[in-house]
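Order of appearance sets the numbers: ligands from 1, and atoms from 1 within every ligand. Computation of the quantities below employed the complete heavy-atom set of this structure, encompassing side-chain atoms and omitting hydrogens, waters and symmetry-equivalent molecules.
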Amino acid sequence: MAALAARLRDLEVRTRPEHPDLTAALARRWEELPAHVKTRNQMLGRRTAGCEGTHGVFPRCNLACTPCYHSREANRVRTDGEHTLREVESQMAYLRAQRGPGQNAQLIGGEVTLLDPDDHAGALQAMIGHGRKPMSMSHGDFDYGYLEALALDPATGRPRFRHLSFAGHFDSMMYGRRGIKAPESEAALNPHRARFCEMFARLEREHGVASYLAHNMTVTPANVDQVPQVIRDCREMGFRMFSFQPAAFIGNTSRWKHDYRDFSTDEVWRQIEEGAGARLHWGAFQIGDPRCNRTAYGAYTGDRYVPLLDEDDERDARVLEDFVAAFGGMDFAAPPGILAARVVRGLARHPRAMASGAGWGRRFVARAGGLRGLVRERPQPLTYVMHAFMDAEKVKPAWEMLRRGELSDEPAIRETQERLQACSYAMAHPDSDELVPACAQHSVLDPQENLRLREQLPLLELPMAPS
Ligand code: SF4
């Protein structure tokens, strides 16, 4: 009887639009947000608790990027599967406790594919076990054999994941890639981008393991004018997201090569729009502070990019409000029966979402060229993102003052503090019971952390002392 009651209770929770732990975490996040980002399009604290990333789990990388956001000591730390698994477990358990289930988390550090495939798989499984949706961040310079070994259970030869998410970092400021040690242009990297996507297409063909691929690119004065061509050349390779990071003065100082402040984020976004071939409606949704993040959701039907929501259409703004009121942070990736129950319960708590959703559907179809157009050209979802990290020289004082509970009177530091308070990309510190913005992690905490790790995981074994 008690077992039946427990199962019913569990079912009741699973079919809620939001897990109660997520409801509590979102409410806390909304409460903490500074007033300037509490806008009607703000998703932080309403739809998501924000993105998450690992730190100090495998600091080393075998390519050299300019800039590199990791501290100089990172490359003196040995990649060690046991350490990775222990740290990932502890960081993810903390994130689950603080932020509830269903949040996107990046398995990030140095280069993830320097891990043994079984350790990489173990880290992803630990993340999934703690309710995270993991994405492996890689430079993409690995072979199909590695991907297959990651995806398949060595004991049975059958898939151990139904789905993998990877972000491939490709840009011409990365040196040491096999076959193209020093790329002369972004276009020269296109065969490597295509190869990356083809490996995942092959994995799906041969083993039925689906994937979600993002393309990451650092933008500096040296490649900003190549952004449109990268998008045009690579749009149909299989990436579902193009994410651009205007370079910041952060991490390893010996890897700073240009004046990264020679252009504005508006200029980068203009280049992205040129490549996308459309105006991108980033104002429809906001995740955190607009000075940090812009995100445009939409889909291509043929060459036409159709925004998910039109930022100028008041009806679309209301659709978003109705959607959030009905479903909040609901996870749509659920078994069909559970998903159906969540949708019904969501609509029951805010029935207006049904009518506004139907109106949005009609408008989306019209924007996509009508039903006939949609049948002819199946929509291909594609998301454009720009994430602008901040310079270490501002983050350091801003973060230190915030930790003392002080707000700066100096405008540039105050702006940095506002952005840190609205941060949408956090890293877990279970030992100090803190969530730290990635900017503060890289600017303030990484150097000390990597010094400690260098002692703990030295690259070379020390020779045995003579007895
Ligand atoms: S504070 Fe830094 S890490 Fe956080 S969202 Fe802004 S740029 Fe990203």
Side-chain angles (χ1 to χ4, degrees), residues 29-30 32-39 41-56 67-71 91 95 98-99 103-109 135 137 167 169 214 216-220 241 243-251 260-261 263-266 268-269 282 285-296 383-403 407-408 411-429 434-447 449:
R29 190 70 193 104
W30 183 260
E32 290 160 4
L33 283 180
H36 74 281
V37 296
K38 287 187 172 173
T39 49
N41 62 349
Q42 181 59 256
M43 296 295 102
L44 212 55
R46 294 158 97 202
R47 171 105 188 100
T48 173
C51 267
E52 301 158 357
T54 52
H55 66 95
C68 171
Y69 290 172
H70 298 282
S71 69
Q91 292 178 24
L95 287 166
Q98 296 295 314
R99 295 158 67 107
Q103 305 303 294
N104 292 318
Q106 303 182 343
L107 182 58
I108 189 169
M135 173 180 262
M137 307 290 285
H169 181 188
N216 277 18
M217 176 172 163
T218 305
V219 183
T220 76
M241 175 190 282
S243 177
F244 297 89
Q245 284 85 44
F249 292 104
I250 194 169
Y260 302 139
R261 298 288 155 249
F263 54 74
S264 64
T265 47
D266 282 341
V268 177
W269 195 253
W282 67 272
F285 302 85
Q286 185 58 48
I287 302 172
D289 192 302
R291 293 165 290 189
C292 296
N293 298 303
R294 295 186 189 185
T295 308
T383 304
Y384 290 101
V385 172
M386 180 173 67
H387 187 194
F389 283 103
M390 297 187 280
D391 294 340
E393 68 171 15
K394 296 203 183 87
V395 173
K396 269 186 207 157
W399 176 245
E400 276 153 15
M401 287 181 75
L402 275 181
R403 291 196 81 207
L407 290 176
S408 173
I413 304 301
R414 182 61 169 265
E415 175 187 323
T416 307
Q417 291 184 316
E418 288 169 3
R419 291 175 61 178
L420 291 169
Q421 287 173 317
C423 181
S424 62
Y425 183 22
M427 298 190 164
H429 284 261
E434 263 180 312
L435 288 167
V436 172
C439 273
Q441 177 68 41
H442 297 321
S443 300
V444 185
L445 304 177
D446 270 354
E449 187 170 288

In terms of atom number and element, which parts of ligand 1 are under 4.0 angstrom from non-hydrogen atoms of [X]?
X    : value
M390 : 1 (S)
F389 : 3 (S), 7 (S)
R419 : 1 (S)
A438 : 3 (S)
S424 : 5 (S)

Does the pair R29/E32 count as a salt bridge with the N-to-O cut at 4.0 Å?
yes
Closest non-hydrogen protein atom to [atom], residue and atom name please, with distance?
atom                    : value
atom 6 (Fe) of ligand 1 : C292 SG, 2.3 Å
atom 8 (Fe) of ligand 1 : H387 NE2, 2.2 Å
atom 3 (S) of ligand 1  : C439 N, 3.5 Å

R261, CZ atom: more than 12 neighbouring heavy atoms under 6.0 Å:
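Count over threshold, so yes.
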Is it true that some N/O/S atom of C423, main chain or side chain, lies under 2.8 Å from atom 8 (Fe) of ligand 1?
no
Would you please classify the geometry between the Y425 ring and the F389 ring as parallel, tilted or perpendicular, with 30° and 60° separating the classes?
tilted
Residue-level breakdown please: for A388 versus ligand 1, do any non-hydrogen atoms fall below 4.0 Å on the side chain, on the backbone, on both, or on neither?
backbone
Under the side-chain hydrogen bond (donor to acceptor under 3.5 Å, both in side chains) rule, what do S264 and D266 come out as? Steps first, then yes or no, please.
CA-CA 5 Å; S264 64; D266 282 341; 4.9 Å; no
Positive for side-chain hydrogen bond (donor to acceptor under 3.5 Å, both in side chains) with H429, one of E449, E434, Q441:
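Option passing the side-chain hydrogen bond (donor to acceptor under 3.5 Å, both in side chains) with H429: Q441.
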Which heavy-atom pair separates A428 from Q91 by the least distance, and what is that distance?
CB-O, 3.6 Å
Are side-chain heavy atoms of L95 and L435 found at a separation under 4.5 Å?
yes
